[in-house]
Every structure is written in C-alpha cells, then in structure tokens.
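Below: one structure, written as structure tokens.
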Amino acid sequence: MALDLLVRGGTLVTPHGPIRADLAVEDGRIVSLALDVFAPAREEIDARGLHVFPGVVDAHVHLNEPGRTHWEGFETGTRALAAGGATSFLDMPLNSSPPLLDARAFAEKRAHGEAKSWLDFGLWGGLTPLNLPELDELAACGVIGFKAFMSHSGLDEFPAADDVTLFEGMRAARRAGLVVATHAESDAFTRTLSQVAREQGRSGVRDYLASRPPVTEAEAVGRAILFAEETGAALHLVHLSTARGVALAAEARARGVDVTAETCPHYLHWTEEDVERVGALLKCAPPIRDAGTREALWAALKAGLIDTVGSDHSPAPPDLKNGEDFFAIWGGISGAQSTLNVLLEDGYWQRDVPLELIAAVASLNPARRFRLGSKGALRLGADADLALVRLDETFTLTELHDRHHGNPYRGQSFRGRVQATYLRGQRVFAWAPGGALFDESVRGQLLRPAKETA
Ligand SMILES: NC(=O)NC(NC(N)=O)C(=O)[O-]
Ligand SMILES: [Zn+2]
Ligand SMILES: [Zn+2]
C-alpha cells in the first residue's frame, strides 16, 4: 500500500521544537513522523531547506458572508488565509447579514462555507441582548463559542452586550461547555470620549486614538474576568492591544479563572505613527498603540502569557475606508494572509521568538482552546494540515488574495515565504513566480468543538 503523501527531509516545527524528519500522510492524517520513512508514496515533496509548520488555525476572522460578501467572503478570504499558511479558521458572527445569532443564520452561513471555503472552518455564534434565548440552540448547532461586544460593534444589528446580558450569556456558555469571547473595550469610555471629540470637531487620527485609551481595555477586561470568575465560564479575550490587558488575564489564570488571551499581528507590527502615516487601512478597535506597548506585547508573548494570535481580518470596500472624519471610517484591518509572516519576521527574526512558540500561538493553542482535536500540531493521527515555509527567503508582499486592494501589509518585506499549504494532505495553495496556484478541488469542512473532557 502506497502512502498518499510523503514530505521528505524538511524541518518539522513540533511542539517540542524543530526536528529534521520525514512526515507521511494517509487519508488526510499524519501516519508517520520518522527520521527516514521508506515507503512508496503517490506524491512526494522534497522539503529539504524548508520548515514544515502546522497549518495556522486563525481563530478570529470576519468573512461577512452571507450578506456582506462584497466586503469579504469565503472564496477570497480563505484564499488569502491559505496563501498565508492557514488551514482552518473560526469565523466571527458579524459582519455577515444576518449576523449569526440563531440556528437559521448558522445553517445559512454553514451552507455558504461548505460550498465556498477552501479551508476547514468553525463558526462563532453571537451573544447580544437580542438572542440570549437562542444560545442553547446555537450550542446544539455546533458553534465554537459565543462572541460578545462590550462596546458598540459598528453594526446596529449586533448590539453590545450590557453587563446583565454578558453575565447571563456566560452562565449559558458554562452550561453548554463553550467559551465566551469578548471584544473588551468599555462602552462608557469609548462612547463618551468619542462623542466629546466629535462635538468639538476633533476627528483626526490622533483624536480617534485618544478616544480609546488603554484604560478602556483594562476596565472591560477586568469586568469580563470578574463575570467569568463568578459564573465559572471560560473566557477568551480577543484582540488585546495592551500588555496590561494580558497581565490581567495572566493574574486571573493564576488564581484559577479559565481565561485565555489573544492579540493580533497588527498590534505586534505597527505603531501609532504608522496609523497616522497609513491612515484608514490601519484603523481598528481597540486601536494600535505606541512602540513601547508593542514591545511589551512581544515580551508578554515571549513569556508565554499570550495564548493565541488571530488575524482579526476584517476588510471593507474602499468607499468605507475613505473620508476626512477618522471616526466615521469603518474599522478593521485586512490581515488574513500575513499572520505567520509577521510572527516570523517580527518575532523569530527580529526578537528571537522560538519557532515552536510561534507554532503554539498560531496553531496549537487555538486548536486546544476551541477543542479542534485533529488540528494544531504535527503529531501522529492529526490532520495533515501543513504550511511549508522557506524561512530565510526575503520577499515583498505584493500578491494578496483578499477581496479588496486596501491591505496595509502590501509592500512590506518579510523573511519566511509560505511555499505551499496542505489541508488534510491535499495541496490547497502553492506559491509560484508567475502567480499563486490554488487547487480547485479542495473544500473545507465544518469544525465543531469536541465534547468537553473532565
Ligand atoms: N465589526 C468588526 O468587524 N469589528 C472588528 N473590527 C476591529 N477590530 O476594528 C472587531 O473585531 O472588533
Ligand atoms: Zn472586536
Ligand atoms: Zn474582530
């Protein structure tokens, strides 16, 4: 019997560190990891000189389909993810229309994903004042967890969770054995500060940044942790922009609260000065901070205090990314393709972050946190989800596959080009000098969290 795929002579980035070994695949799964695999294979890859990473598991993506596919959809969004070495992702309950607040919306989005996604995907359900009674049903559908905004989401159809909603939602999540993810910015702070700035006619980049100061995040993080502690719910703090937020999570974890922390490539790569220079393409909430904060986030990541790095890929059409009033411009950064690039260039090359730590925050930890059993690591029995990377190859990112051209990473230079991406042993993306190759026959599957184990 021939193997389906044999990856020969690469450096495998395992949870224990990089090792030179062969990797064999049968029926989409890793069946052998050994110094030398002597077996015939239908497809063989000469991976000498390449690093083999577990496929990135991007737990924070906004694909906006159905309803706002013209912002970003499964087809283009997952091409971008694949080109960046991702093999699975978890889609946020907004900005699709309808937002994912009930079983019907789940079924609709699932159908779109199964028809068009190039990668395996899980779906977050929303937690809003509109759909508290729907949470049990959403859990039964197989949502990854429940996502709540603690401040205005930008969309009236996805209202922020007030304290009671968040608290009750956590109780329901606890019963269902699912994680609650929070966008932790204080509504009281952000609402008042932005209103005052706008009334005074201050609407520039610096005014926007000043309307969402670090304390806004710290306050909301503290409150979310308190509710998680009281309810016993599992809490995942998305897109933390400050080391203070990360430290609050670490302290809570040390006293037994089930809390994990995510940050995003943009907080690790850019600074406020870049936002002033680049403008709308770097507008997001919470906003990008100063260089000191960026370094503190890297220190926290190196110390193992940041569990996951998700792209928070959230593009919008160019007309929503235009205008004089920085408050009015749609927030959200296109980063689906560049998470691993940022971690390798800014982390491994510039700050000595070990490769296995990069694989942990990008793949292993999100797979564990959201109980995607077969994902996240190069180990026997796991899905053969692979990103083949030429670590020392410098390149300029010009060929981007997301829906719109407005991508702040265009023209950035990175070391570590993704050469190919394999989903369950099938090549979904390959880099080529004349343009990327995508395999039209690959289709993603819905991922559901595994049953909780005691
Ligand atoms: N509606 C959004 O896509 N929001 C996202 N936008 C950002 N981060 O600016 C988010 O995650 O909050
Ligand atoms: Zn958010
Ligand atoms: Zn987001």
Side-chain angles (χ1 to χ4, degrees), residues 58-65 67-73 77 81 89-101 122-128 144-161 166 179-187 190 194 205 208-209 211-212 216-217 220-221 224 235-242 245 261-270 275 278-289 308-317 320-321 326-336 339 366 402-404 406-408:
D58 192 337
H60 192 158
V61 176
H62 299 261
L63 293 190
N64 308 345
E65 180 170 2
R68 288 194 184 83
T69 310
H70 56 299
W71 291 22
E72 182 64 291
L81 285 162
F89 67 100
L90 307 180
D91 190 58
M92 284 293 168
L94 73 169
N95 316 305
S96 45
S97 180
L100 207 167
L101 297 178
L123 301 177
W124 285 98
L127 161 54
T128 75
I144 289 298
F146 303 114
K147 164 75 178 295
F149 270 74
M150 296 175 76
S151 56
H152 189 51
S153 76
L155 294 171
D156 292 336
E157 72 257 32
F158 198 98
L166 183 57
V179 178
V180 169
T182 51
H183 173 126
E185 287 186 295
S186 151
D187 195 45
T190 54
S194 28
V205 172
Y208 172 75
L209 300 179
S211 75
R212 309 181 95 91
T216 313
E217 178 168 275
V221 163
L235 171 65
H236 183 60
L237 298 157
V238 302
H239 58 43
L240 292 181
S241 65
T242 62
E262 174 198 79
T263 193
C264 310
H266 37 277
Y267 304 115
L268 296 167
H269 186 71
W270 308 98
V275 187
V278 174
L281 295 183
L282 285 179
K283 182 186 172 184
C284 63
I288 287 164
R289 310 288 183 187
T308 69
V309 175
S311 68
D312 195 6
H313 178 66
S314 187
L320 289 175
K321 282 288 192 187
F326 206 69
F327 285 84
I329 289 167
W330 183 262
I333 291 178
S334 297
T339 301
D402 51 338
R403 183 85 171 73
H404 296 287
N407 189 309

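We count ligands from 1, going down the list as the structure has it; atoms in each ligand are counted the same way. Just so we're clear, the structure is a prediction, and the values are computed from it rather than from any experiment.
In the vicinity of Ser314, heavy-atom distances shorter than 4.0 Å reach the ligand 1 atoms 2 (C), 3 (O). Of all atoms in ligand 1, numbered sequentially from 1 with element shown, those under 4.0 Å from a heavy atom of Gly332 are 9 (O). Taking every heavy atom of His60 and a limit of under 4.0 angstrom, the matching atoms of ligand 1 come to 11 (O). Near Ser153, with a cut-off below 4.0 Å to any heavy atom, the atoms of ligand 1 are 1 (N). Atoms of ligand 1 found under 4.0 Å from any heavy atom of His239 (numbered from 1 in listed order, with element): 10 (C), 11 (O), 12 (O). In summary, the atoms of ligand 1 found under 4.0 Å from a heavy atom of Leu94, numbered by their order in the structure, are 1 (N). Close contacts between ligand 1 and Cys284 involve ligand atoms 9 (O) [criterion: under 4.0 Å to a heavy atom].
Taking atom 5 (C) of ligand 1 as the reference point, the nearest protein heavy-atom neighbour is His62 NE2, 3.8 Å. Counting only heavy atoms of the protein, atom 7 (C) of ligand 1 lies nearest to Ala285 O, 3.5 Å. In terms of protein heavy-atom proximity, atom 6 (N) of ligand 1 is closest to Gly331 O, 4.0 Å.
Ligand 1 is never approached by Gly154 to a heavy-atom distance shorter than 4.0 Å. The shortest separation from a heavy atom of Trp330 to ligand 1 is under 4.0 Å, placing the residue in contact. At least one heavy atom of Phe149 sits less than 4.0 Å from an atom of ligand 1.
Seen from the Zn ion (ligand 3), atom NE2 of His62 and atom NE2 of His60 lie 110° apart in angle, a value rounded to 10°.
The residue Pro286 has no part lying near ligand 1, judged by heavy-atom distances below 4.0 Å.
Comparing Asn95, Asn64, Ile333 against atom 1 (N) of ligand 1, the shortest heavy-atom distance belongs to Asn95.
Around the Zn ion (ligand 2), the protein atoms of type N, O or S that sit closer than 2.8 Å are His183 ND1, His239 NE2.
Using cut-offs of 30° and 60° on the angle between ring planes, the pair Phe149 and His183 is parallel.
Of the residues listed (Ser314, Pro315, Pro317), the one engaging Trp71 in a side-chain contact (heavy atoms from CB on, under 4.5 Å) is Pro317, and it is the only one. Considering Cys264, Cys284, Ser334, Pro265 as possible partners of Asp312, the one that fulfils the side-chain contact (heavy atoms from CB on, under 4.5 Å) test is Cys264.
Using a 4.5 Å heavy-atom cutoff, the side chains of Arg68 and Ser97 are in contact. Thr182 is not listed as a side-chain neighbour of Val221, based on a closest heavy-atom distance of 4.5 Å or more. In this structure, Lys147 and His236 have side chains that are not in contact, with every pair of non-hydrogen atoms separated by 4.5 Å or more.
For Asp91, the salt bridge (Lys or Arg N to Asp or Glu O under 4.0 Å) criterion is met by Lys109, not counting sequence neighbours.
Remark: side-chain polar atoms of Asn64 are paired, donor with acceptor, to backbone N or O of Asn95 under 3.5 angstrom. Side chain of Glu262 to main chain of His239: a donor-acceptor pair is present (N/O by atom type, distance under 3.5 Å, no hydrogens or angles).
Ring to ring, His313 and His62 are not that close: their centroids are 6.0 angstrom or more apart.
Taking only nitrogen or oxygen atoms, main chain and side chain alike, His183 reaches within less than 3.5 Å of ligand 1.
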- Give the intermediate values and the outcome of side chain to side chain donor-acceptor pair (under 3.5 Å) for residues Glu217 and Thr242. CA-CA 8 Å; Glu217 178 168 275; Thr242 62; 2.5 Å; yes
- Item | From CA spacing to verdict: side chain to side chain donor-acceptor pair (under 3.5 Å), Asp58, Ser311 | CA-CA 7 Å; Asp58 192 337; Ser311 68; 2.6 Å; yes
